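Worth saying up front: this structure is predicted, and the values here are computed from it rather than measured.
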Amino acid sequence: MDAVRPLRTPTVTLAAALAAGALIGAGGGAATYAALSSGNGSTVVRQVTVSDAQPASSDSSLSVQSIYRLANKGVVEITAGQGQGSGFVYDADGHIITNEHVVTGASSVSVRFWNGKTFTASVVGTDASTDLAVLKVDAPVSQLFPLSLGDSSSLVVGDQVVAIGSPFGLEGTVTSGIVSALHREMTSPNHFAIDNSIQTDAAINHGNSGGPLLNAQGKVVGVNAQIESNSGGNEGVGFAIPSNTVESIASQLISSGKAEHAFLGIVLRDSSSQTGAAIGQVRAGTPAARAALRAGDVVTAAAGTQIHSASELRAVINAHRPGDTISVTYTRGGQGHTVKVKLAARPA
């Protein structure tokens, strides 16, 4: 099977080890691809079937050249210890967005801007669950060109997208393509699901990690993170973390240095009835275990929302915070039950 690879470019050869991917916690999904271990954690991408379409954007489209001219000054190259990746300026305070796997374990991080000027960066916070990190540079405002976030939920298959980054250290590289698919499911470095990931055929390679995926209006709709490849290079199947997730996580990291995720404590699998979210495993000592949920139960509603799939249940859980109490309705042996569950904080 094809390897799904994080896009951080190492300065040393990576040892590639293929292994079957599996989600833990509130994870689950459909078709599983092979995962590549590169010393930064395993990553996999899962195919998720979504029936409802989304409305197309009515905004006028820019050319690739215009998007590049609009956004290039806001894209940076990141050097972190033994590796290299990409990122982009988030605000005028000097915050930089990139992938967690680009900077994890690095003792020093530097950021190189479009004009060659380089600044030492501090790590404000990282979130392995979404593979996102926020850095900060003490750079003059004249050096900072923040990029605007777009609404990733407004994307439709076929929309034009542009990637800018530093593949193999070649800074300022622009490639273009389309949104190939939506609602893909990546596995983060700590094995939780990153829902609603964007698939694109825009050429992205090692070193593009953390760089922006821009829509036809020049707004960031994703952060490039993984590729599916036999060769280790671009084969037209790349994946980006959606901008709506980026906005939520970045605001938490900037305000407190960490991101909190609610945790139920179950492993999900496909439901044979094609409705609800089937529990494959309940982890000991978790909120699900304390609520007496069991493997084989099928969750049909949570927090007042009808559940038709594993991804819908994760979305409900992710919309809450640790400590929130929600109702969970499930079927067991043909009988319906409802329990109250106090959500915990997701473990590292």
**Heavy atoms of other groups near Arg332 CZ, more than 12 under 6.0 Å** = yes
**Asked** Where is the tightest heavy-atom contact between Gly125 and Leu253, given as atom of each residue plus distance?
**Response** O-CD1, 3.6 Å
**Item:** CG (Asp138) with more than 12 external heavy atoms under 6.0 Å
**Value:** no
**Asked** When rounded to the nearest 0.5 angstrom, what distance separates OG1 in Thr173 from OH in Tyr68?
**Response** 7.5 Å
**Message:** Working note: Glu312 + Val316, criterion side-chain contact (heavy atoms from CB on, under 4.5 Å); need CA distance, chi angles, decisive distance, verdict.
**Reply:** CA-CA 6 Å; Glu312 288 184 0; Val316 170; 5.8 Å; no
**Asked** Are Pro212 and Leu147 side-chain neighbours, meaning at least one heavy-atom pair lies under 4.5 Å?
**Response** yes
**Message:** Would the distance check show the side chain of Ser243 and the main-chain N or O of Gly150 forming a donor-acceptor pair, the cut-off being under 3.5 Å?
**Reply:** yes
**Request:** For Ala202 and Gly177, work out which heavy atoms get closest and say how close.
**Result:** CB-N, 3.8 Å
**Item:** Side chains of Ile326 and Ile317 in contact at under 4.5 Å (non-hydrogen atoms)
**Value:** yes
**Message:** With side-chain contact (heavy atoms from CB on, under 4.5 Å) as the test, pick out the partner of Val109 among Thr98, Leu135, Ile96, Thr79.
**Reply:** Leu135
**Item:** Heavy-atom donor-acceptor pair, Ser86 side chain to Gly207 backbone, under 3.5 Å
**Value:** yes
**Request:** Look at the side chain of Glu235 and the backbone N and O of Asn230, then say whether any donor-acceptor pair between them is shorter than 3.5 Å.
**Result:** yes
**Message:** Counting C-beta onward and ignoring hydrogens, is there a side-chain heavy-atom pair between Val223 and Asp131 closer than 4.5 Å?
**Reply:** no
**Minimum-distance pair of heavy atoms, taken over all atoms of Leu62 and Gly218** = CD1-N, 4.4 Å
**Check: Val156 main-chain N/O paired with Asp159 side-chain donor or acceptor under 3.5 Å** = yes
**Asked** Below 4.5 Å, heavy atoms only, C-beta onward: do Ile241 and Met186 meet side chain to side chain?
**Response** yes
**Prompt:** Is there a side-chain contact between Thr300 and Thr275 (heavy atoms, below 4.5 Å)?
**Reply:** no
**Asked** Does the side chain of Ser209 come under 3.5 Å of the side chain of His101 through a donor N or O and an acceptor N or O?
**Response** yes
**Request:** Please confirm whether the backbone N or O of Gly232 pairs with a side-chain atom of His206, one donor and one acceptor, at under 3.5 Å?
**Result:** yes
**Message:** If you count heavy atoms of other groups shown closer than 6.0 angstrom to CD of Glu247, is the number above 12?
**Reply:** no
**Request:** Report yes if some heavy atom in the side chain of Val299 is under 4.5 Å from a heavy atom in the side chain of Ile279; otherwise report no.
**Result:** yes
**Item:** Leu170 with Trp114, same ILVMFWY side-chain cluster at under 4.5 Å
**Value:** no
**Request:** Using atom types as modelled and distance alone, determine if a side-chain donor or acceptor of Arg321 lies under 3.5 Å from a backbone N or O of Ala262.
**Result:** no
**Salt-bridge present (Glu185, Arg314; N to O < 4.0 Å)** = yes
**Message:** Could you go through Ile254 and Tyr90, starting from their C-alpha distance and side-chain angles, then the distance that decides it, and tell me whether this counts as side-chain contact (heavy atoms from CB on, under 4.5 Å)?
**Reply:** CA-CA 11 Å; Ile254 290 171; Tyr90 183 67; 3.6 Å; yes
**Message:** With a 3.5 Å distance limit and no angle check, can you tell me whether Gln252 reaches the backbone of Glu260 through a side-chain donor-acceptor pair?
**Reply:** yes
**Message:** If you define the side chain from C-beta out and look only at heavy atoms, does anything of Gln143 sit under 4.5 Å from Val89?
**Reply:** no
**Asked** How about Ser129 and Asn190: does a side-chain donor come under 3.5 Å of a side-chain acceptor?
**Response** yes
**Item:** Exam field: side chain Glu100 to backbone Ser188, donor-acceptor pair closer than 3.5 Å
**Value:** no
**Asked** Going hydrophobic residue to hydrophobic residue with side-chain gaps under 4.5 angstrom, can you get from Ile178 over to Val162?
**Response** no
**Prompt:** Counting only N and O atoms by type, is there a donor-acceptor contact under 3.5 Å from the side chain of Lys136 to the main-chain atoms of Asp93?
**Reply:** yes
**Prompt:** Between Phe119 and Phe113, is a ring-ring contact (aromatic ring centres under 6.0 Å, His included) present by the stated rule, with each step listed?
**Reply:** CA-CA 8 Å; Phe119 296 84; Phe113 287 83; 5.6 Å; yes
**Request:** Please assess Asp151 against Asn244 for the test side-chain contact (heavy atoms from CB on, under 4.5 Å), listing each intermediate value before the final yes or no.
**Result:** CA-CA 6 Å; Asp151 180 6; Asn244 290 0; 3.0 Å; yes
**Message:** Checking Thr104 against Thr126 for the side-chain contact (heavy atoms from CB on, under 4.5 Å) test, could you report, in this order, the C-alpha distance in whole Å, the side-chain angles of both residues, the deciding distance, and whether it holds?
**Reply:** CA-CA 8 Å; Thr104 185; Thr126 64; over 6 Å; no
**Request:** Of all the heavy-atom pairs spanning Pro189 and Ala128, show the shortest one and how long it is.
**Result:** CD-O, 3.2 Å
**Item:** Closest non-hydrogen atom pair between Phe192 and Pro347, with its separation
**Value:** CE1-O, 3.8 Å
**Prompt:** What are the two closest non-hydrogen atoms of Ile198 and Val221, and how far apart are they?
**Reply:** CD1-O, 3.2 Å
**Request:** Find out whether Asn234 and Ile227 are in side-chain contact, i.e. whether some heavy atom of one side chain is under 4.5 Å from a heavy atom of the other.
**Result:** no
